[in-house]
Amino acid sequence: MGLGLENILLLLLLVFLGWFWMDTTRAKDIARAAGRSACKQADVQFLDDTVAVKKTWLRRNEVGSIEICRLYFFEFARTGAQRYYGRVVLLGMRIGEVEMDAFRLD
C-alpha cells in the first residue's frame, strides 16, 4: 500500500517547515554576529545579545534567482543610559547592510 496524496503533501509541508526553521535560525545567527561586530567596531555595548526580525520578503538577486531577504533590529548603548537601534539586512545568507543610529559620545 502506497502513501496517499494527503500524506505526501503533509510530509512535504513538514520538510519545508523544518528547512525554513533551520534557515531562519542560521540567518538570525549571522545577523547577531553582524550586529555584535558593528557594535565592537563602534566601541558600544551590544544589548541583550540578540536581534529581532522585523520583516521578511522575497526578491530577485543579481542573477535573477529568488532569495529570502530579512530585516533585523538590535539595540546598543554607549553608556547604558540611552538605548539606540541598529539594523541588519540579510540578502539570503549574505549581509547586505548594517546601519546604526547616531549616538552621543558622552
Side-chain angles (χ1 to χ4, degrees):
M1 209 169 201
L3 290 175
L5 181 59
E6 294 157 354
N7 290 334
I8 291 172
L9 291 176
L10 179 61
L11 182 61
L12 288 174
L13 177 64
L14 290 174
V15 168
F16 173 76
L17 290 175
W19 168 84
F20 188 73
W21 177 76
M22 289 183 352
D23 187 70
T24 300
T25 301
R26 184 170 161 228
K28 187 174 183 178
D29 289 343
I30 292 169
R32 183 184 309 120
R36 189 180 300 123
S37 176
C39 288
K40 184 176 182 181
Q41 288 179 341
D43 195 27
V44 295
Q45 299 171 358
F46 181 64
L47 299 176
D48 305 325
D49 195 38
T50 191
V51 293
V53 67
K54 294 294 181 181
K55 183 178 177 183
T56 302
W57 68 98
L58 297 175
R59 67 159 243 189
R60 293 197 182 271
N61 61 18
E62 307 81 37
V63 295
S65 299
I66 293 176
E67 64 186 354
I68 299 174
C69 297
R70 296 174 174 98
L71 171 63
Y72 291 91
F73 276 58
F74 61 91
E75 293 183 331
F76 66 94
R78 176 76 178 153
T79 62
Q82 176 72 36
R83 287 180 173 243
Y84 301 95
Y85 292 97
R87 291 156 295 288
V88 177
V89 176
L90 286 186
L91 309 170
M93 291 296 161
R94 299 177 323 280
I95 299 168
E97 62 185 71
V98 179
E99 295 179 344
M100 297 171 69
D101 290 345
F103 57 91
R104 294 177 51 140
L105 295 173
D106 298 338

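We count residues from 1, following the sequence as given.
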Quiz item: Got a salt bridge between Arg26 and Asp23, using NZ or NE/NH1/NH2 to carboxylate O under 4.0 Å?
Solution: no
Indicate yes or no: at least one non-hydrogen side-chain atom of [X] is less than 4.5 angstrom from one of [Y].
| X | Y | answer |
| --- | --- | --- |
| Asp49 | Arg36 | yes |
| Lys28 | Val53 | no |
| Val51 | Phe46 | yes |
| Gln45 | Phe76 | no |
| Leu71 | Trp57 | yes |
| Cys39 | Met100 | yes |

I need the [X] [atom1] to [Y] [atom2] distance, nearest 0.5 Å.
| X | Y | atom1 | atom2 | value |
| --- | --- | --- | --- | --- |
| Leu14 | Leu9 | CG | CG | 11.0 Å |
| Arg78 | Asp43 | CZ | CG | 5.0 Å |
| Arg32 | Tyr72 | CZ | OH | 9.5 Å |
| Thr79 | Phe103 | OG1 | CZ | 11.0 Å |
| Arg83 | Asp101 | CZ | CG | 13.0 Å |

Quiz item: Strictly by modelled atom types, are Tyr85 and Glu75 linked by a side-chain donor-acceptor pair under 3.5 Å?
Solution: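 There is such a pair (donor and acceptor under 3.5 Å, judged by atom type) between the side chains of Tyr85 and Glu75.
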Exercise. Go through Glu97 and Leu91 one step at a time and tell me if the side-chain contact (heavy atoms from CB on, under 4.5 Å) criterion holds.
Key: CA-CA 9 Å; Glu97 62 185 71; Leu91 309 170; over 6 Å; no
Practice problem: Establish whether Val15 and Ile68 are linked, either directly or via other cluster members, by ILVMFWY side-chain heavy-atom contacts under 4.5 Å. | Solution: no
Exercise. For Trp19, enumerate each residue passing the ring pair (Phe, Tyr, Trp, His ring centres under 6.0 Å) test, keeping only those at least two apart in sequence or located in another chain.
Key: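 Ring pair (Phe, Tyr, Trp, His ring centres under 6.0 Å) list for Trp19, sorted by chain: Phe16.
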Quiz prompt | Side-chain hydrophobic cluster, 4.5 Å single linkage: members besides Met22 | solution = Trp21
Quiz prompt | Under 3.5 Å donor-acceptor, Arg70 side chain and Met93 backbone | solution =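 Pair absent, no side-chain N/O of Arg70 close to backbone of Met93.
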Quiz item: Between the side chain of Thr24 and the main-chain N/O of Phe20, is any donor-acceptor distance below 3.5 Å?
Solution: yes
Practice problem: Report the C-alpha separation of Gln41 and Val98 in whole Å, then their side-chain angles, then the decisive distance to 0.1 Å, and conclude whether the side-chain contact (heavy atoms from CB on, under 4.5 Å) test is met. | Solution: CA-CA 12 Å; Gln41 288 179 341; Val98 179; over 6 Å; no
Taking all non-hydrogen atoms of both residues into account, name the closest pair between [X] and [Y] and its distance.
| X | Y | value |
| --- | --- | --- |
| Ala77 | Val44 | O-CB, 3.4 Å |
| Ala31 | Val88 | O-CG2, 3.9 Å |
| Gly92 | Glu67 | N-OE1, 3.9 Å |
| Arg87 | Phe74 | N-CE2, 3.6 Å |

